[in-house]
Protein chains: 2
Amino acid sequence: MSSVTGPRRGRPGHDQSAVLAVAIQLFNRQGYDRTSMGDLARELGLTKSAIYHHVESKEALLSLAVDEALDALESALDAVGGATPYEQLRAAVHASVVVLVEHLPAVTLLLRVHGNTPVEQEALRRRRAIDARLADLVRAAVTTGALRADLDPQLISRLLFGLVNSLVEWVRPEDGTGHDADRLAAAITTLAFDGLEA
Amino acid sequence: MSSVTGPRRGRPGHDQSAVLAVAIQLFNRQGYDRTSMGDLARELGLTKSAIYHHVESKEALLSLAVDEALDALESALDAVGGATPYEQLRAAVHASVVVLVEHLPAVTLLLRVHGNTPVEQEALRRRRAIDARLADLVRAAVTTGALRADLDPQLISRLLFGLVNSLVEWVRPEDGTGHDADRLAAAITTLAFDGLEA
DNA sequence: GTCTATAGACCGATAGAC
DNA sequence: GTCTATCGGTCTATAGAC
């Protein structure tokens, strides 16, 4: 299968992608602030100093991680098609769930970012831009009459993608079949658009 | 009106409730781990040492905060009534939203706890117990035929309360009328049980 | 590419005066 | 109830050898 972990040329030892993957895992398990470069070194079987050969700083690791999540979410939205705003919205919800499951560690970390450092502020700015695109889709779908008009479109948008994002609290990695994400996305669109009642 | 902030006898200066309220606010703004006792002291206009006259430790502040949220959620669930499981579930959703809005800072902090300290582990244990009670309600409502049976009851439960909990990401304090929480709770139950479609 | 050693800053918490 | 001063520990990051 194709290498998802980026360039690795001949030499033994670790590369940036391997360090990043372990870092994201650790940040999600312990929290970013509570995870020291010493913790990361121990998990990698390295010393702290060796890590700094691969990444510039601890904050750079966070930046690389949230960029992975944001790039994936933006690309997925760019690829959304559909004849009507309603169909585009359903496709956007579906695509968001799939990205969330496929990039679960990075997206989980992204959704836990609430801080005030420049890296986190920039991540929040990009997240708000994505939210705005989705809110536009909801507004358009309400305007065409496909969605109920007795709820504020911005409220609908926030609830809809709050529902999607809440998946990171309990979804665990796929078992490899590759069908979990699609089935989960289908269940969520069913609940959101058709409701819970029998 | 009644004092929500606990005992404050004659003396000038701060009390534990005042320190806790500012601490929760700061923990939510900066993150628990990134907020130092020095930060909290500056926000209070005190020195670090003075804080330790009111609370035993930084972790004790976290413990007090999550206990406020958990106590409120448990009490709200205890008070839920209704003739059928379906009606009890709708009441539980409504009550959860109201508690979340009324205790927004404490509940926000609770939902951001994912660490491994004893205080956090205990908070997660109580949260899971609450989740289990709600999952039981969902299962019962599915059994009576009130809720659709083509979705796994545990999935329904997770999505339903993921939806409710996602409110902490954007809800801001009430303007004092006291009606916001009820109207918000009504909108959420509408979306969850009736769906988005027109 | 990894190591040992350490600089320099900040942390949580305490002692003891007022 | 608040202060000044400080202890012992941990943190990110760097210097320089191999």
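Lettering of chains follows the sequences in order, A, B, ..., and the numbering in each one begins at 1. Worth knowing before you read on, the calculation uses all heavy atoms, side chains too, and leaves out hydrogens, waters and symmetry mates.
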Query raised in the report: What is the distance, rounded to the nearest whole Å, between atom CE of Met37(B) and atom C1' of dT2(D)?
Result: 15 Å
Query raised in the report: Atom CG of Leu44(A) and atom P of dG1(C): how far apart are they, to the nearest Å?
Result: 14 Å
Requested in this report: For residues Val97(A) and Ala181(A), report the shortest heavy-atom separation together with the two atoms involved.
Outcome: CG1-O, 4.1 Å
Report task. Hey, which sits more toward the 5' end of DNA chain C by its nearest nucleotide, Gly45(A) or Ser57(B)? Result -> Gly45(A)
Query - Nearest-nucleotide comparison on DNA chain D, the residue closer to the 5′ end among Lys58(A) and Ala50(B) - result: Ala50(B)
Requested in this report: List for me each residue that meets side-chain hydrogen bond (donor to acceptor under 3.5 Å, both in side chains) alongside Asp180(B), sequence neighbours excluded, and say none if there are none.
Outcome: none
Query raised in the report: Between His53(A) and dT2(C), does any side-chain N or O lie under 4.0 Å from OP1 or OP2?
Result: no
Query raised in the report: In whole angstroms, how far is the C1' atom of dC10(C) from the CG atom of Asp33(A)?
Result: 14 Å
Report task. Give the rounded distance in Å between these two atoms: CZ of Arg34(B) and P of dT12(D). Result -> 12 Å
Requested in this report: Take the protein atom CG of Leu40(A) and the nucleotide atom P of dA13(D), then report the distance between them rounded to whole Å.
Outcome: 12 Å
Query - Asp71(A) versus Arg126(A), closest heavy-atom pair with distance - result: OD1-NH2, 2.7 Å
Query raised in the report: Closest approach of Ala106(B) and Ile24(B), non-hydrogen atoms and distance?
Result: N-CG2, 4.0 Å
**Report entry** Interatomic distance, Ile51(A) CD1 vs dG1(C) P [rounded to whole Å]
**Finding:** 15 Å
Query raised in the report: Listed by chain and number, what are the salt bridge (charged side-chain N to carboxylate O under 4.0 Å, His left out) partners of Glu120(B), not counting sequence neighbours?
Result: Arg34(A)
Requested in this report: Might you work through the side-chain hydrogen bond (donor to acceptor under 3.5 Å, both in side chains) test for Glu169(B) and His114(A), ending with a clear yes or no?
Outcome: CA-CA 10 Å; Glu169(B) 296 295 330; His114(A) 290 90; 3.0 Å; yes
Report summary line: What one should report as the nearest heavy-atom pair of Pro153(A) and Arg139(A) is CB-CG, 3.6 Å
Query raised in the report: Within the structure shown, what part of the strands sits under 4.0 Å from Ser36(A) by heavy-atom distance: base, sugar-phosphate, or nothing?
Result: sugar-phosphate
Pairwise N/O distances under 3.5 Å, protein to nucleotides 14-18 of chain C:
residue : atom : partner  : partner atom : Å
dT14(C) : O4   : Ser49(B) : OG           : 2.8
dA15(C) : N6   : Ser49(B) : OG           : 3.3

Report summary line: When rounded to whole Å, the CZ to P distance for the pair Arg42(A) and dT10(D) reads 11 Å
